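None of these values were measured; they are calculated from a predicted model. Values below: all heavy atoms of this structure, side chains included; hydrogens, waters and symmetry mates excluded. Residues take their numbers from the sequence shown, with the count starting at 1. Read the numbers this way: they start at 1 and go in the same order the structure lists the ligands and their atoms.
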Amino acid sequence: MVFTSPRVGGLYFDAVRAGLERAGVTPVARHDVPDGEEHKSLEEYCRALRALLSSFPDPTRAPLVVNLGGGLLSDLGGFVAGTFRRGVPCVHVPTTLLACVDAGVGGKVAVNLGSVKNLVGLFHQPRLVFIDLATLKTLDARELRSGIAEVIKYGAVLSAPLFGRLERDLAKLLAADASLLRTVVAECCRLKARVVAADEFDRKGKRIALNFGHTLGHALEMAAEPHLTHGEAVAVGMVAAARFSARLGFCPETVVRRLRELISRAGLPVSGRGLELAPETVLRLMLHDKKAGRGKLRFVLPTRLGAWRAVEVGDQEVLREVVRYALE
Ligand SMILES: NC(=O)c1ccc[n+]([C@@H]2O[C@H](COP(=O)([O-])OP(=O)(O)OC[C@H]3O[C@@H](n4cnc5c(N)ncnc54)[C@H](O)[C@@H]3O)[C@@H](O)[C@H]2O)c1
Ligand SMILES: [Zn+2]
């Protein structure tokens with residue numbers, strides 16, 4: 001069962017079907033999920049489950065789920081695979097840079113509930129992540145930049161050499177230079193795999209590093225919906241988190257400056273100014289985030305490039321200040 005979207009399926013489904021058929025994985029069925037974060041929903045999850053059941057009704061033969069598309073597909077299709085008959089195998093074929101470096105790897109799958117991101121989900125590791133970088137050629141420039149935001153995230157908190165490389169070679173990356181993409185995607189997958197291997201179920205306080213920029217980013221993404229992509233919201237969240245870190249004395253101002261410069265050179269927003277978001281809405285959405293415990297929120301803050309620490313913040317005034325960093 002190939003889950004895809006009308007756009008990505010139109011471009012690549014035939015090739016995927018031909019490959020599966022050549023390998024003897026038949027019959028091949030297709031179900032489309034419409035584009036847009038609002039469709040990473042329980043409604044679309046149910047539609048996909050029903051499609052899976054109607055194509056593969058035999059309870060003795062587990063279907064293989066192939067998620068062809070961006071992070072929306074790996075999150076939703078992975079969740080369907082993780083729950084259908086208590087779990088069937090899945091393969092991700094990520095076709096956005098963001099999904100290649102992040103969403104497709106690591107086994108977190110989920111859908112949103114209303115405006116709460118990823119509220120309903122589980123861990124379900126794909127059997128395989130099959131990345132064909134040639135698919136990125138049809139990606140919009142905006143979606144490519146959105147993926148670059150997650151690449152910058154890896155550099156900022158996990159790898160100073162990667163960050164330096166991005167500062168030097170950003171123009172090539174923005175031009176989707178094939179050999180650089182190959183190096184960068186492989187490096188990000190390695191970094192993510194290392195973190196996930198050390199803390200697969202997000203219980204040891206290590207996997208949270210991948211959440212840099214996301215505490216605010218998720219709330220901004222939902223508050224601004226549909227005006228910010230995931231990567232754009234994370235870009236704003238990373239700058240605000242770095243400013244917060246500098247304000248607390250955890251990192252020097254140069255970290256904020258270099259991060260802000262790189263993000264803005266990548267054509268990504270460094271603040272949510274102009275979106276006219278209500279600070280109280282962002283704050284409320286942030287407090288809904290599942291990382292909040294006992295009214296506290298956990299932020300990942302850079303301490304220098306390539307290193308991080310976490311802080312818990314419960315004081316509403318301090319949280320308002322962080323939201324202000326993102327909106328001013
Ligand atoms: N599970 C995780 O660990 C994890 C990590 C990061 C992000 N995510 C999730 O990923 C989602 C965002 O993923 P995304 O940025 O990939 O967006 P997306 O899946 O919504 O895709 C963005 C757009 O790109 C189009 N597209 C995809 N591939 C294309 C291609 N090759 N050519 C042309 N168009 C193409 C899609 O049709 C869509 O319009 C969010 O829901 C986010 O929460 C999950
Ligand atoms: Zn992300």
Side-chain angles (χ1 to χ4, degrees), residues 3-13 15-16 32-41 44 67-79 82 90 92-112 116-126 129 131-154 157 176 181 188-189 192-193 195-196 200 202 207-222 225-226 228-238 268 289-290 300:
F3 289 130
T4 186
S5 68
R7 180 160 178 208
V8 178
L11 290 163
Y12 303 113
F13 173 71
V16 170
D32 284 9
V33 180
D35 268 339
E37 183 68 24
E38 74 274 22
H39 293 119
K40 204 174 100 176
S41 62
E44 287 300 328
N67 300 309
L68 171 67
L72 191 151
L73 262 304
S74 48
D75 275 14
L76 187 142
F79 184 46
C90 75
H92 297 324
V93 185
T95 62
T96 62
L97 177 60
L98 188 138
C100 290
V101 298
D102 200 354
V105 182
K108 278 193 179 178
V109 294
V111 296
N112 307 326
V116 188
K117 282 273 292 178
N118 304 329
L119 186 86
V120 190
L122 42 76
F123 292 91
H124 188 60
Q125 292 294 350
V129 181
I131 298 177
D132 183 344
L133 293 174
T135 61
L136 303 187
K137 286 195 185 121
T138 51
L139 210 56
D140 291 350
R142 186 177 181 197
E143 293 300 340
L144 184 74
R145 290 196 298 266
S146 182
I148 291 177
E150 300 279 5
V151 174
I152 293 174
K153 172 188 83 176
Y154 287 109
V157 290
L181 264 180
C188 291
C189 288
K192 179 151 187 186
V195 171
V196 172
E200 183 175 357
D202 211 353
R207 190 166 173 152
I208 192 182
L210 303 169
N211 229 42
F212 174 47
H214 284 63
T215 310
L216 251 167
H218 278 159
L220 290 168
E221 186 184 356
M222 295 315 255
E225 157 67 14
L228 287 179
T229 64
H230 179 76
E232 288 166 351
V234 169
V236 175
M238 289 193 290
L268 289 158
D289 197 276
K290 62 194 181 316
V300 173

- Message: I'd like to check which ligand 1 atoms, numbered from 1 as shown, lie under 4.0 Å from a non-hydrogen atom of Y12.
- Response: 31 (N)
- min-distance protein heavy atom vs atom 20 (O) of ligand 1 -> L72 CB, 3.8 Å
- Which pair of heavy atoms, one from A235 and one from L268, lies closest together, and at what distance? CB-CB, 4.0 Å
- Message: Heavy-atom distances under 4.0 Å decide this one: backbone, side chain, both or neither, for D35 against ligand 1?
- Response: side chain
- Query: Looking at atom 24 (O) of ligand 1, what's its closest protein heavy atom, distance included?
  - Reply: E143 CG, 3.9 Å
- Query: From the Zn ion (ligand 2), how many protein N/O/S atoms are found at a distance short of 2.8 Å?
  - Reply: 3
- Query: With a 4.5 Å heavy-atom cut-off, do V111 and N118 have their side chains touching?
  - Reply: no
- Among all protein non-hydrogen atoms, which one is nearest to atom 26 (N) of ligand 1, and what is the separation to 0.1 Å? V8 CG2, 3.6 Å
- Item | Whether D140 side chain and R142 backbone form a donor-acceptor pair below 3.5 Å | no
- Per-atom contacts, ligand 1 versus T135 - under 4.0 Å to a heavy atom: 30 (C), 31 (N)
- Query: If every non-hydrogen atom of D202 is compared with every non-hydrogen atom of I208, which pair is closest and at what distance?
  - Reply: OD1-N, 3.8 Å
- Message: Please report whether ligand 1 has a polar contact with L73, defined as an N or O pair separated by less than 3.5 Å (distance criterion only).
- Response: no
- If you have a sec, work out which protein heavy atom is nearest atom 43 (O) of ligand 1 and how many Å separate them, to one decimal? K117 NZ, 2.6 Å
- Please determine, by modelled atom types, if T138 and Y12 share a side-chain donor-acceptor pair under 3.5 angstrom. yes
- L68 backbone acceptor or donor facing T4 side chain under 3.5 Å: yes
- Note on the structure: Interatomic distance, CG@L119 vs CG@N112, rounded to 0.5 Å, equals 8.5 Å
- Does T96 reach the main-chain N or O of G70 with its side chain, forming a donor-acceptor pair under 3.5 Å? no
- Message: I need the contact type for K192 against ligand 1. Using non-hydrogen atoms and a strict under-4.0 Å cut-off, is it side chain, backbone, both or neither?
- Response: side chain
- What one should report as the nearest heavy-atom pair of G231 and L98 is N-CD1, 4.2 Å
- Query: Taking non-hydrogen atoms only, is D75 closer than 4.0 angstrom to ligand 1 via side chain, backbone, both or neither?
  - Reply: side chain
- Tell me: protein heavy atom nearest atom 35 (C) of ligand 1, and distance? L139 CD1, 3.6 Å
- For F212 and K153 the tightest heavy-atom approach is O-CD, 3.7 Å
- Query: Are L136 and ligand 1 in contact, using a heavy-atom cut-off of under 4.0 Å?
  - Reply: no
- Answer with side chain, backbone, both or neither: which part of T138 has a heavy atom less than 4.0 angstrom from an atom of ligand 1? both
- Task: For ligand 1, note which part of S5 has a heavy atom under 4.0 Å away: side chain, backbone, both or neither.
- Result: side chain
- Message: For the CG atom of L181 and the SG atom of C100, what is their distance to the nearest 0.5 Å?
- Response: 8.5 Å
- Can you tell me the protein heavy atom closest to atom 8 (N) of ligand 1 and the distance? A103 CB, 3.6 Å
- Using non-hydrogen atoms of the residue, decide whether K137 is closer than 4.0 angstrom to ligand 1. no
- Just distances here: any N/O of T95 and N/O of ligand 1 closer than 3.5 Å? yes
- What pair of heavy atoms forms the shortest contact from P126 to G104, and how long is it? CG-O, 4.0 Å
- Using a strict cut-off of 4.0 Å, indicate which atoms of ligand 1 neighbour a heavy atom of G70. 16 (O), 19 (O)
- Is there at least one pair of N or O atoms, one from K40 and one from ligand 1, spaced under 3.5 Å apart? yes
- Item | Closest protein heavy atom to atom 27 (C) of ligand 1, given as residue, atom name and distance to 0.1 Å | T96 CG2, 3.3 Å
- Query: Short question: side chain of R207, backbone of E200 - any donor-acceptor pair under 3.5 Å?
  - Reply: yes
- Query: How does L98 reach ligand 1, if at all, at less than 4.0 Å between non-hydrogen atoms: by side chain, backbone, both, or neither?
  - Reply: side chain
- Query: Does the N or O separation between S146 and ligand 1 drop below 3.5 Å for any pair?
  - Reply: no
- Which atoms of ligand 1 have any heavy atom of E37 under 4.0 Å away? 40 (C), 41 (O)
- Task: Mark yes or no for whether Q125, through its side chain, and G106, through its backbone, hold a donor-acceptor pair below 3.5 Å.
- Result: yes
- For D75, the option from H92, K117, K40 that meets side-chain hydrogen bond (donor to acceptor under 3.5 Å, both in side chains): K40
- Task: Give, for atom NE2 of H124 and atom CZ of F79, the distance between the pair rounded to the nearest 0.5 Å.
- Result: 11.0 Å
- Item | Point-to-point distance, once rounded to the nearest 0.5 Å, from CG of D102 to CG of L210 | 6.5 Å
- Note on the structure: Closest non-hydrogen contact found for V105 with C189 is CG2-SG, 4.1 Å
- Note on the structure: Of all protein heavy atoms, the one nearest atom 17 (O) of ligand 1 is G71 N, 4.1 Å
